[in-house]
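Worksheet: one structure, shown below.
As the structure is a computational prediction, the values presented were derived from the model and not from experiment.
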Amino acid sequence: MTTATISTPQFTPVYGPVWSWRYGKSLGIDPIGEISTCSFNCVYCQLGEIKLKTQQRQIYVPTEQILQALAQFAPWDVDVITLSGSGEPTLAANLGEILIGIKTLTQCPTLVLTNGTTLSDSQVREQLTLADRVSVKLDGISTAQLQRVNQPVREINLTQLLLDLQEFRRIFPGELGIQTMILSPWSLSDRQEYQRWIKAISPTEIQLNTPTRPKPLKHELAGRENHPSPENLPYQARKLKSVQPSILQDFAQEIQAQTGIPVRYPPVSN
């Protein structure tokens, strides 16, 4: 267990920049607010335990508040501006307004990280098309797998989720990534089923990952940020099990060979 002196940061809807191996130097936008709110409560969540588990869309942080905070970060010397933060960003009913406002103010590329559970809503799909990039979480290819890893607010209709993702891909003109967290090696049948759906969805790329950062013991707003060392976090956390880099590498090579879609995974630290 990692322990440290704990301080409570003040909420701001814009944070960073943070470094992402997927997208480079990123400025974070948090449209959810100080109370973590999500339709998932993932076992590896860097925010810790989710406080409010819901699928209800509403305005959590006013668009004007976000854009006023964003203006303070000019000239926005980043690779991308990312909507993520304290939960599931598509639960923000003003998602479209925020994306338009960011682009108007900064002209920077925009990215939304989502778990895909709201893609059944045509309004969400339409608002997401305003982003330059969208990255959708898909941590398993069976209902049992997703229930165990993502702990959703209600049982996932996996087939419907995947069909909604296909429909979004059909209308989305930007770059679509699929993010998959690997907590343990997958069976051959699971890998094959995953590749079948990846072919059907046809994303721009796939991003494989495994937990490398301890999970906070309780909700931590500071979990949004990068920290110099996972062994020296400013809050109490527990170390998570991760797979060997060779597992990610072998799966990545298999997916790319079977689907022709580029696959990335974190660089191995020396």
Say whether Ser20 and Ser26, considering side chains only, have a donor N or O and an acceptor N or O under 3.5 Å apart.
no
Any donor-acceptor pair under 3.5 Å linking the side-chain atoms of Glu155 with those of Thr143?
no
Between Ile182 and Leu248, is a side chain to side chain contact (heavy atoms under 4.5 Å, CB included) present by the stated rule, with each step listed?
CA-CA 8 Å; Ile182 306 293; Leu248 295 185; 3.8 Å; yes
Of the non-hydrogen atoms in Pro31 and Ile66, which two are nearest, and what is the gap between them?
CA-CD1, 4.0 Å
Does Gln249 CD have over 12 foreign heavy atoms under 6.0 Å away?
yes
Would you please say whether a donor-acceptor pair under 3.5 Å links the side chains of Thr82 and Ser84?
no
Will you find, in the side chains of Gln207 and Glu205, an N or O donor that is under 3.5 Å from an N or O acceptor?
yes
Do Gln55 and Arg154 have side-chain N/O donor and acceptor atoms under 3.5 Å apart?
yes
So Thr117 and Pro152, do their side chains get closer than 4.5 Å, heavy atoms only?
no
Answer yes if the side chains of Gln147 and Gln151 hold a donor-acceptor pair under 3.5 Å, and no otherwise.
no
Less than 3.5 Å apart, any donor N or O on the side chain of Tyr60 or Asp30 sitting next to an acceptor on the other?
no
Would you please say whether a donor-acceptor pair under 3.5 Å links the side chains of Gln195 and Glu254?
yes
Just wondering, are more than 12 heavy atoms of other shown residues or ligands nearer than 6.0 Å to CD in Gln65?
yes
To the nearest 0.5 Å, what is the distance between SG on Cys38 and CD on Glu49?
12.0 Å
Using distance alone, with no hydrogens and no angle criterion, decide if Ser39 and Glu88 have a side-chain donor and acceptor under 3.5 Å apart.
no
Does either side chain, that of Asn209 or that of Gln179, offer a donor lying less than 3.5 Å from an acceptor on the other one?
no
Output, in order, the C-alpha distance, side-chain angles, deciding distance and verdict of side chain to side chain contact (heavy atoms under 4.5 Å, CB included) for Phe40 and Val153.
CA-CA 6 Å; Phe40 279 176; Val153 294; over 6 Å; no
Can a side-chain donor-acceptor contact be found between Tyr194 and Thr180 if the only test is distance below 3.5 angstrom?
yes
Are side-chain heavy atoms of Ile198 and Pro203 found at a separation under 4.5 Å?
yes
